[in-house]
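A short worksheet on the structure shown next.
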Number of protein chains: 2
Amino acid sequence: MNNRLIRNGTIVNVYSGELLPGNVAIADGRITYVGPGEPAASEVLDARGLYLAPAWIEPHAHPWLLYNPVSMIEAVLPGGTTTIFNDDLFFFLQAGPDGFARMLDALARLPIRYRWLVRLMSQSEYDGEARDFAMEKLAPLLARPEVAGSAELTRWPLVWKRDRCALDAIAHVHALGKRVDGHTAGASYEKLNGVAFGGVDACHEAITKQEVLDRLRLGIWTILRHSSLRPDIPELARSITEDNIDTRRVMLTVDGPAPRSIAEGGFIDEALQQCVAAGVDPVEAIQMATINPATYYGLDRELGGIAPGRKADLVMLPDLCEFRPVRVMMEGRDVAIEGKATVELPRVDWDGLGLRRKFQASELPLEVREPIPVIEFVSDAITRSAGTQVEPAEGDILGVLADREGRWATRAWIRNMAPRLDGLASSYNTAMHLLVLGRDPAAMRRAAEKVAASDGGIGFGDGWSVALPVAGMMMDAPFAECVRTQQELERRIRAAGYPFRDILYSLLFLCCDFLPGLRLTPRGVLDVRSGNVVAKSNRENGA
Amino acid sequence: MNNRLIRNGTIVNVYSGELLPGNVAIADGRITYVGPGEPAASEVLDARGLYLAPAWIEPHAHPWLLYNPVSMIEAVLPGGTTTIFNDDLFFFLQAGPDGFARMLDALARLPIRYRWLVRLMSQSEYDGEARDFAMEKLAPLLARPEVAGSAELTRWPLVWKRDRCALDAIAHVHALGKRVDGHTAGASYEKLNGVAFGGVDACHEAITKQEVLDRLRLGIWTILRHSSLRPDIPELARSITEDNIDTRRVMLTVDGPAPRSIAEGGFIDEALQQCVAAGVDPVEAIQMATINPATYYGLDRELGGIAPGRKADLVMLPDLCEFRPVRVMMEGRDVAIEGKATVELPRVDWDGLGLRRKFQASELPLEVREPIPVIEFVSDAITRSAGTQVEPAEGDILGVLADREGRWATRAWIRNMAPRLDGLASSYNTAMHLLVLGRDPAAMRRAAEKVAASDGGIGFGDGWSVALPVAGMMMDAPFAECVRTQQELERRIRAAGYPFRDILYSLLFLCCDFLPGLRLTPRGVLDVRSGNVVAKSNRENGA
């Protein structure tokens with residue numbers, strides 16, 4: 001079974017940049033031969049009329065958009081992605097360093113190749129962050145062989161300002177020979193100089209052609225993003241098609257897409273499609289999804305190309321425009337055939353790993369008697385300030401971020417989000433507390449109680465809810481159920497007047513403190529750009 | 001002094017593959033800024049009309065061709081090479097692991113960036129090799145930060161045959177995240193598959209365009225060689241100009257050129273000239289000499305490009321065809337101006353590092369009474385068998401490789417080398433014993449005694465000699481004296497009828513056992529291809 005000869009394919013040679021006819025032999029999970037010869041094999045596959053490429057590598061992933069790291073597998077393998085570099089954020093925050101280490105052990109034998117990126121700091125400062133992210137806790141994780149570096153540094157101004165603690169943490173990662181993933185959304189060219197100088201190795205936050213050029217020219221490995229939130233490759237690929245830049249340090253990411261996006265569009269296969277549709281040469285696009293990330297992570301000896309000694313992670317493709325593999329192999333074994341994963345997924349005891357979270361839903365401060373800020377949505381993820389009011393304007397709903405232990409709450413009116421929403425509660429948000437939204441206090445309370453009862457989830461006032469028992473963010477269910485859940489959520493929120501594309505990101509980021517605008521955070525309503533808390537959270541519980 | 005702004009240059013951006021106008025700021029040895037801005041600096045250099053490129057990297061060097069690792073510096077810096085990956089061979093063999101480790105310490109502060117490659121085995125098998133190259137002796141060296149991997153594996157058939165010991169040694173290097181340099185001269189495409197599978201990362205032995213393609217397509221990083229012995233870039237560059245291959249995994253080497261070649265032609269700068277003269281795009285050629293080797297060795301964060309955070313190793317060039325820098329900087333300091341090195345070279349106590357070698361020159365077996373093999377030179381370095389004879393044919397001279405401790409000798413008639421040579425003795429040979437050549441026993445004895453008296457060297461029967469007191473291979477003298485010595489040696493050997501270009505390589509390789517032909521080796525006269533000893537060495541001393 002694991003001693004194969006694939007004959008007569010057209011091999012995508014990512015080293016020389018050529019398409020070449022040839023045979024590929026595989027034994028014990030590795031490629032043993034590439035060329036015109038036909039080594040003996042127990043199984044011969046005919047690849048006539050097919051392209052043979054190295055399987056795709058996702059250098060920057062977030063395995064928690066309702067799906068979890070296990071349920072995600074069956075969705076991404078059929079499109080040909082077999083290696084994924086995952087952010088550790090919510091797992092680490094919820095389970096702590098020991099729990100996360102146990103999770104890595106528990107996930108060691110999955111039928112996909114996961115490598116992990118470890119956060120050096122939280123997305124946002126919080127009380128106790130210095131303790132939770134102390135280097136003595138991170139160091140054993142960073143040293144693990146399945147950890148390839150540090151995860152996106154969303155607080156890039158610390159690097160630019162040469163914050164000692166941030167620079168020491170970066171130096172620690174580099175001393176291990178590992179990579180520091182960046183996140184320099186909106187950084188000017190001048191500030192990017194400081195970010196590059198500080199040691200950030202890569203960034204996936206370019207949203208214009210010019211931002212791609214800025215990063216690449218400053219020596220930052222540049223990851224073109226085509227996510228469900230930001231499907232930017234048509235714009236970003238202009239750096240290649242118009243400016244003809246060298247793409248050896250360019251990679252592709254889908255940056256944690258929503259479940260429906262994977263089900264309908266794909267994963268790295270979709271980013272490839274988009275590149276080629278935008279006019280990028282297919283071999284060059286494939287290099288961006290294979291040898292480039294393998295080289296970036298220092299794994300080019302093992303991954304990212306079809307050559308002797310490499311792991312036999314391969315896709316067989318009918319064409320180089322749709323990128324729909326008829327067969328996907330990982331270490332020489334079939335993991336997907338004709339769009340269907342053929343692997344068995346293990347059951348993981350997420351609770352045993354410390355990933356079950358409790359939420360307190362009683363005594364929510366839902367009556368407003370003094371002026372509170374108005375947060376206005378301008379896109380799925382971006383908000384802005386719209387003054388303060390005691391009474392909501394028409395279409396405003398109340399938003400409350402309530403401490404999961406019931407000690408504090410932060411409130412604002414939410415405009416241009418879901419004017420007809422009676423009540424919704426969600427543990428699915430980057431603050432990892434309880435977000436409650438709506439115009440009807442009773443419906444809001446019922447929704448919050450639903451979420452509390454299932455130890456995390458998303459609930460509506462009419463009783464519909466989905467449990468997210470893995471860190472309050474993820475379902476413990478097959479991938480198809482995540483897609484159905486997203487669809488139902490979208491149907492409901494659209495019925496409540498939601499005008500944007502992706503409610504999952506709106507919920508996720510309303511409580512973040514790293515994207516522009518006004519946000520509900522544990523400290524209070526925060527103006528992210530200025531760093532000012534415009535209305536403190538109420539630490540006494542109740543309005 | 002070390003806080004500089006270089007204004008108005010045209011920057012060779014090896015990341016994006018572009019030529020871009022801009023300024024470069026440097027502080028404390030590193031680049032701090034690249035772009036249109038003008039950060040304050042204590043010194044401003046105007047680069048109007050000049051190109052600014054990262055300084056060159058030589059990924060595969062042998063610092064012992066009469067020059068030594070210190071004297072070489074003043075010859076290579078003016079051409080713009082500031083980083084060199086050196087083979088450890090003769091230093092290790094002569095000084096042993098402890099002496100070599102002390103040498104690395106002693107050379108730590110040279111005004112050039114040396115990294116070292118450590119041999120995993122000798123060029124040739126010999127009694128005691130297993131002991132000298134035991135992994136317990138190599139491991140502490142391989143683990144050192146200035147050691148970047150293992151040096152060229154000349155005995156590549158061991159890899160192809162899956163010799164356990166060779167594969168274990170390779171795995172040891174890879175486990176350190178370091179590179180295994182190969183040397184697969186003459187390997188067929190089919191055998192190269194096995195070499196790649198065995199873990200060899202790079203090879204510099206392609207001598208045809210097809211051999212470049214073979215290596216590159218099999219995932220082997222391919223180093224185009226333009227040495228004084230094999231100035232092959234005009235042929236090798238056809239892989240780029242005709243086949244349009246991706247060059248990201250292509251590098252350039254001059255592979256240990258003779259002193260005169262460096263003085264007259266240059267070092268990596270000459271390889272660059274040759275590439276561009278052969279039609280390679282200048283930016284692409286520069287990538288092959290900068291970011292490609294930096295990436296190969298996992299040092300792209302530190303070296304090989306002009307971006308913030310990188311070491312400020314820079315060249316300022318009037319054009320991109322001659323590659324003659326008007327200024328060379330290493331870590332922001334001038335190391336060469338207008339073709340002259342501006343650095344101070346330290347005195348190194350080579351004897352104290354265990355690099356002085358004794359040679360026994362008495363009782364050489366110079367009378368031939370029975371048939372001995374005839375070794376015929378067909379080029380500078382390649383020989384072939386021409387039968388056996390008791391008496392020399394016209395123009396044949398006697399060649400004796402004599403154990404430096406006087407215990408054995410290997411003899412052959414040497415044809416088509418130097419028919420009018422009376423006597424020459426040389427400790428300069430890969431066997432590290434005493435090679436004596438000539439037609440006049442008295443002159444041969446006088447030459448050998450000269451070499452013995454200076455603890456290594458090259459001597460002639462008429463009394464002219466040069467001392468090579470560093471491992472019997474290198475002068476302890478300024479580079480210019482190495483060039484003059486080579487010139488005098490060439491004048492003399494040409495007068496003796498030498499028909500080839502480079503006597504240094506003929507002396508070096510006559511006693512090797514890794515290049516095709518018949519060779520004088522410690523075991524006897526060896527047919528390298530078959531591995532057969534056609535005439536054993538005389539272990540009784542004397543004919």
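To find a chain, count down the sequence lines: A is the first, B the second, and so on, and within it residues start at 1.
Judged by distance alone, the side chain of B:N13 and the main-chain N or O of A:R217 form a donor-acceptor pair under 3.5 Å.
Screening B:L192, B:I220, B:L218, B:V200 for a side chain to side chain contact (heavy atoms under 4.5 Å, CB included) with A:P308, the sole residue that qualifies is B:L218.
Using a 4.5 Å cut-off between non-hydrogen atoms, the part of residues 168-184 of chain B that approaches chain A consists of B:H174, B:K178, B:R179.
Heavy atoms of B:E284 lying under 4.5 Å from chain A are absent altogether. Proximity to chain B (any heavy atom under 4.5 Å) is shown, for A:T32, by both the backbone and the side chain. For B:Y296, no part lies under 4.5 angstrom from a heavy atom of chain A. Of the two parts of B:I11, neither the backbone nor the side chain holds a non-hydrogen atom closer than 4.5 Å to a non-hydrogen atom of chain A.
Within the 4.5 Å cutoff, the side chain of A:P36 has heavy atoms near those of the B:E190 side chain.
Distance CG/A:N193 to OH/B:Y33: 5.5 Å, rounded to 0.5 Å. To the nearest 0.5 Å, atom CD1 of residue A:I31 and atom CZ of residue B:F197 are 10.0 Å apart.
Ion pairing between a basic and an acidic side chain is recognised when a charged N comes within 4.0 Å of a carboxylate O; B:D246 and A:R248 show no such pairing.
Counting heavy-atom pairs under 4.5 Å between each of B:G17, B:G199, B:S16 and chain A puts B:S16 at the top. Note: B:G219 leads B:G309, B:G22, B:A307, B:G219 in heavy-atom pairs under 4.5 Å with chain A. For the set A:D243, A:L20, A:T295, A:V14, the count of heavy-atom pairs under 4.5 angstrom toward chain B peaks at A:L20. When the candidates A:V283, A:D201, A:L213 are compared by the number of heavy-atom contacts under 4.5 Å with chain B, A:D201 comes out ahead. Of the listed residues A:D300, A:I245, A:I291, A:I306, the one with more heavy-atom pairs under 4.5 angstrom with chain B than any other is A:D300.
Scanning for side-chain contact (heavy atoms from CB on, under 4.5 Å) contacts around B:K191 gives B:W156, B:W160, B:S188, with sequence neighbours left out.
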